[in-house]
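One structure is given here, and the rest of the page talks about it.
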Amino acid sequence: MWGNSSSATEFFLLGFPGSQEIRHILFATFFFLYSVTIMGNTVIIVTACVDKRLHSPMYFFLGHLSVLEILIISVAVPFMLWGLLLPKTQKISLSACATQLYLYLSLGTSELALMGAMAVDRYVAVCNPLRYNIIMNSHTLFGFLFQIWPVYATFQLTFCKSNVLDHFYCDRGQLLKLSCDDTVFTEFILFLMAVFIIVGSLIPTIVSYTYIISTILKIPSASGRRKSFSTCASHFTYVVIGYGSCLFLYVKPKQTQAAEYNRVASLLVLVVTPFLNPFIFTLRNGKFIQAFGDGMKRCYQLLKD
C-alpha cells in the first residue's frame, strides 16, 4: 500500500506498564476524563449554536475549538481504553496506524491555527466580520494538507527492527525507532515543519497579547485593569497549556525520545487539554453560564409539559 518493503504490516501497542489493578485504575480515570470531555465540549457546541446571544465571533471559534477537541481525544483514547481493559489486544494494522497518526497530527495542526486566529479575534471581527466561515475552513484545510507529507514520509520507512510500539497510540517518535533506515534527514525536516506550524501560529498570539497587555496597563483604575485581564485570561491559560505541551512533544531535533517522556507529553495533548477546555472557557464566563442556564430551564419546561 505504501510502496516500500516494510516487514511490519501491523503493530502491537504496549500501552501502559503495570499490574492489572493499575490498569483498571487508569481505565477508570481516563474513561472519566474522556466522558467529561465529550459531554463538556458538546454542551459548548450545542449552547453556542442554539442561543442567539452567543452568535458572535468569540463563540464561533470556541464552538469549532470544542469540535476539534472531541475529534482529537477520540482519535486515540477509545483504543487506549480498550487496551487497558483487555491487555495484549492492542493490535493495529499499518494502514490504520497511518490513518490514526494523520488524523491526530492534522487535527492538532488545525487546532494550533485556530488558537492563533482566536488571539486576533477582535481584529478579524472589525476588519472582516462576515468571513469567519471562510477563515475557519481555510485553517482546517491547511491543517489536513500540511500533514500529508510528514505522515507519508514516516510510512515510507522500513520497519524491520520490531513491530512492538512502546506507546498507547501510533506515536511518530516510536515508529522512527523501529525503522532500519537512516532517519536523520527525515527527523530534521519534521523538526523544521513542527517549528513552522507551532511558532508560526504562536507569533500572532504573542503580538496580540503584547498589544493587549500594553493597552491594559494604560487603564488608570485597578478594577478596570482586572476586568480587562479577565476577558483574555481563559484564552491565555489555554495557550500556555496547549503550546507548552506541543513544544515539549514536537519541537526537538531528535524525534525518538524516551517512551515515558512521549507518553506523558502525549497525555497532555490528547487527554488533559481537551478535558480542561470546557472549564477554562466557561466557568468564569457569565454570558455563557446564563445562556446554558436558560437552555436547561427551557428543556425542563418541555419535559414538564
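Note that the numbering runs from 1 along the sequence shown for the chain.
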Distance check, rounded to the nearest 0.5 Å: [X] atom [atom1] versus [Y] atom [atom2]?
X    : Y    : atom1 : atom2 : answer
S110 : M115 : OG    : CE    : 13.0 Å
K287 : T282 : NZ    : OG1   : 15.0 Å
F275 : Y34  : CZ    : OH    : 14.5 Å
I22  : L84  : CD1   : CG    : 11.5 Å
K161 : K177 : NZ    : NZ    : 10.0 Å
L165 : K91  : CG    : NZ    : 14.5 Å

Considering only heavy atoms from C-beta outward, does the side chain of [X] approach that of [Y] to under 4.5 Å?
X    : Y    : value
F31  : V77  : no
N163 : L178 : no
L13  : D166 : no
M193 : Q147 : no
L33  : F30  : yes
I73  : I38  : yes
L101 : L105 : yes

**Request:** For this output row, return yes or no: ring centroids of Y104 and Y169 closer than 6.0 angstrom.
**Result:**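 Yes, ring centres under 6.0 Å apart.
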
**Asked** Strictly under 6.0 Å, is that where the ring centroids of F11 and F159 end up?
**Response**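 F11 vs F159: aromatic centres under 6.0 Å.
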
Over all atoms of both residues, closest heavy-atom pair of [X] and [Y]:
X    : Y    : result
L85  : Q20  : O-NE2, 4.1 Å
L157 : D181 : CA-OD2, 3.4 Å
L190 : P150 : CD2-CB, 3.5 Å
F168 : S266 : CZ-CB, 3.9 Å
S66  : I45  : CB-CG1, 3.7 Å
L54  : A48  : CD1-CA, 4.0 Å

**Request:** Evaluate the salt bridge (Lys or Arg N to Asp or Glu O under 4.0 Å) criterion for residues D171 and R263: first the C-alpha distance (whole Å), next the side-chain angles of each, then the deciding distance (0.1 Å), finally the verdict.
**Result:** CA-CA 9 Å; D171 176 67; R263 262 194 291 264; over 6 Å; no

So does [Y] get a backbone contact from the side chain of [X], meaning a donor-acceptor N/O pair under 3.5 Å?
X    : Y    : answer
H167 : L14  : no
N41  : I70  : no
T273 : L268 : yes
E10  : I92  : no
R23  : F16  : yes
T47  : I44  : no
S93  : A96  : yes
E69  : N277 : no

**Request:** Please test I148 against Y102 for side-chain contact (heavy atoms from CB on, under 4.5 Å), starting from the C-alpha separation and ending with a verdict.
**Result:** CA-CA 7 Å; I148 291 176; Y102 174 68; 3.8 Å; yes

**Prompt:** Should the pair F288 and Y59 be assigned to parallel (<30°), tilted (30 to 60°) or perpendicular (>60°) ring geometry?
**Reply:**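 Parallel: the ring planes of F288 and Y59 meet at under 30°.
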
**Request:** Hey, can you tell me if Y238 and F281 have their rings parallel, tilted or perpendicular (30° and 60° cut-offs)?
**Result:**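 Y238 vs F281 ring planes: tilted.
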
**Asked** Is F292 atom CZ crowded by more than 12 heavy atoms from other residues, nucleotides or ligands, each under 6.0 Å away?
**Response**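 Atom CZ in F292 is not packed in, count stays at 12 or less.
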
**Item:** Verdict with supporting geometry, R298 and D294, side-chain contact (heavy atoms from CB on, under 4.5 Å)
**Value:** CA-CA 6 Å; R298 287 195 296 269; D294 292 344; 3.9 Å; yes

For the hydrophobic clusters of this structure (ILVMFWY residues joined by side-chain heavy atoms under 4.5 Å, transitively), does one cluster hold both [X] and [Y]?
X    : Y    : result
F279 : V269 : yes
F61  : V46  : no
F12  : L81  : no
L267 : I25  : no
V151 : F188 : yes

**Asked** For L175 and C97, what are the C-alpha separation, side-chain angles and deciding distance, and is it a side-chain contact (heavy atoms from CB on, under 4.5 Å)?
**Response** CA-CA 10 Å; L175 284 167; C97 185; 4.2 Å; yes

**Item:** Stepwise side-chain contact (heavy atoms from CB on, under 4.5 Å) check, F191 with E187
**Value:** CA-CA 6 Å; F191 166 72; E187 290 186 58; over 6 Å; no

